[in-house]
Q: 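Structure provided below as C-alpha cells; questions to follow.
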There are 2 protein chains.
Amino acid sequence: MPTKTQERLKSQARVLKALAHPTRLLLVEELARQTRCVCELRDAAGVDISTVSKHLSLLRNAGIVKDEKRGLKVFYSLKTPCVLNFFKCVESVQKCSK
Amino acid sequence: MPTKTQERLKSQARVLKALAHPTRLLLVEELARQTRCVCELRDAAGVDISTVSKHLSLLRNAGIVKDEKRGLKVFYSLKTPCVLNFFKCVESVQKCSK
DNA sequence: TCTATATGTGGCTAAAAGGCCAAATAGGCA
DNA sequence: TGCCTATTTGGCCTTTTAGCCACATATAGA
C-alpha cells in the first residue's frame with residue numbers, strides 16, 4: 001500500500017476518532033446549539049472539568065471546534081456545522097444495517 | 001443527563017469508533033469495490049491475518065459489514081453502502097476546518 | 001496586592017485497543 | 001482417515017485512552 005494512502009487513511013481516522021466518544025459527541029451537540037464556556041459544558045457532560053478540557057483540546061486539534069477567550073472564560077464553538085452530518089451518517093448506518 | 005441520552009450517545013460513538021482506525025477504513029474501502037475473502041483483505045491491509053479477522057468481526061458487530069461462508073473461505077461485503085457517506089463527511093470537515 | 005474564579009497541564013492508575021503468535025476449528029479433497 | 005488451506009480464537013504484551021486529583025496559570029475585581 002502506498003505511503004500516501006496510509007497517510008490519508010490515518011488522517012481520516014483521526015477525525016473519526018476525535019468524534020468516537022460519547023462525551024465528545026455530547027460536547028459537539030451542545031456546541032451545535034450554541035457557543036458555550038467550559039464550565040457550562042462540564043455541567044452538561046457531568047465529568048470533571050479537567051476531563052472536559054482535555055476532550056475539548058482534542059476536538060480543537062482535530063479541527064472540529066474553535067475557542068475564544070473572553071475575560072476569565074473560554075468559549076468554544078463548532079468550527080464548521082458540517083460536522084453535524086456525522087450524526088446523520090450514523091443514523092442512516094444504524095437504520096440500514098438492522 | 002437522561003440515561004436514554006447516554007445510551008444514544010454510546011451507541012452513536014460505537015459506530016464511529018468502529019470506523020476510527022486506518023486499517024478498518026481500508027477494509028471498508030476495499031469492500032466498497034467488491035466482496036472479498038479474508039486473505040485478500042490481509043494482502044490489501046498488510047497485517048497479520050488474525051488481526052484482519054478481528055477488525056472484521058468488530059466491523060460486523062457494529063453492523064457495517066456482513067459475511068458469508070462459501071467452502072473454505074469467508075466473504076465479506078458492506079452491509080450497506082451508506083457507510084461510504086462517512087468518507088464524504090470526513091472530507092468536508094477537513095476542508096471546512098482549514 | 002490579594003483573592004476568587006475559570007481553565008489548562010502534569011501525573012498517576014485503570015481500562016481498552018491493537019498487534020503478533022500459537023492453537024483450535026471447519027471444510028475440501030486425496 | 002489424514003492432510004492442507006482458510007479463518008477464528010485465546011493468550012500475551014505494548015500502547016493508547018480516559019478519568020480524577022493536585023497544581024499551575026490567567027484574569028477580574030476588591
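Chain letters run A, B, ... following the sequence lines, proteins first, then strands; residues in each count from 1.
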Q: What verdict does the side-chain contact (heavy atoms from CB on, under 4.5 Å) test give for A/C82 and B/V93, after you've listed the backbone C-alpha separation in whole Å, the side-chain angles of each residue and the deciding distance to 0.1 Å?
A: CA-CA 6 Å; A/C82 72; B/V93 167; 4.0 Å; yes
Q: Here's a test for you: under side-chain contact (heavy atoms from CB on, under 4.5 Å), which of B/L59, B/T35, B/V83 qualifies with B/V65?
A: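 Answer after filtering B/L59, B/T35, B/V83: B/L59.
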Q: Taking only nitrogen or oxygen atoms into account, show me every contact under 3.5 Å that the protein makes with nucleotides 6-11 of chain C, one pair per line with its distance.
A:
unit_1	atom_1	unit_2	atom_2	d
C/dT7	OP1	A/V38	N	3.2
C/dT7	OP1	A/V74	N	3.2
C/dT7	OP2	A/C39	N	2.8
C/dG8	OP1	A/Y76	OH	2.8
C/dG8	OP2	A/S53	OG	2.9
C/dG10	O6	A/K54	NZ	3.1
C/dG11	O6	A/K54	NZ	2.7

Q: Can you tell if the side chain of A/L78 reaches within under 4.5 Å of the side chain of A/L84, non-hydrogen atoms only?
A: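 They are in side-chain contact.
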Q: Within the structure shown, what part of the strands sits under 4.0 Å from B/R70 by heavy-atom distance: base, sugar-phosphate, or nothing?
A: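 Answer is nothing: B/R70 stays at 4.0 Å or more from every strand.
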Q: According to a strict under-4.0 Å criterion, is B/H21 in side-chain N/O contact with OP1 or OP2 of C/dG19?
A: yes
Q: Determine: side-chain N/O of B/H55 to OP1/OP2 of C/dG19, distance under 4.0 Å, yes or no.
A: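 Looking at the OP1 and OP2 atoms of C/dG19, one of them is under 4.0 Å from a side-chain N or O of B/H55.
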Q: Round to a whole Å and report the spacing from CG of B/L19 to P of C/dA17.
A: 14 Å
Q: Please determine whether residues A/L27 and A/F87 belong to a single hydrophobic cluster, defined as Ile, Leu, Val, Met, Phe, Trp and Tyr linked transitively by side-chain heavy-atom distances below 4.5 Å.
A: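 Yes, one cluster joins them.
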Q: Does anyone know the first and last nucleotide of DNA chain D in reach of chain B, 5' to 3', at under 4.0 angstrom to a heavy atom?
A: D/dT5 to D/dG11
Q: Against A/D67, only a single residue in A/K73, A/R60, A/K79 fulfils salt bridge (Lys or Arg N to Asp or Glu O under 4.0 Å); can you say which?
A: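 Of the listed residues A/K73, A/R60, A/K79, the salt bridge (Lys or Arg N to Asp or Glu O under 4.0 Å) partner of A/D67 is A/R60.
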Q: Show your working on side-chain contact (heavy atoms from CB on, under 4.5 Å) between B/N85 and A/N85 and close with a plain yes or no.
A: CA-CA 9 Å; B/N85 292 333; A/N85 291 333; over 6 Å; no
Q: Give the minimum heavy-atom separation between B/D48 and B/R42, together with the two atoms involved.
A: C-CG, 4.4 Å
Q: Enter the distance from B/F86:CZ to B/I64:CD1 here, rounded to the nearest 0.5 Å.
A: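 Answer for the CZ-CD1 pair, B/F86 versus B/I64, is 7.0 Å.
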Q: To the nearest angstrom, how far is B/L27 atom CG from C/dG19 atom P?
A: 10 Å
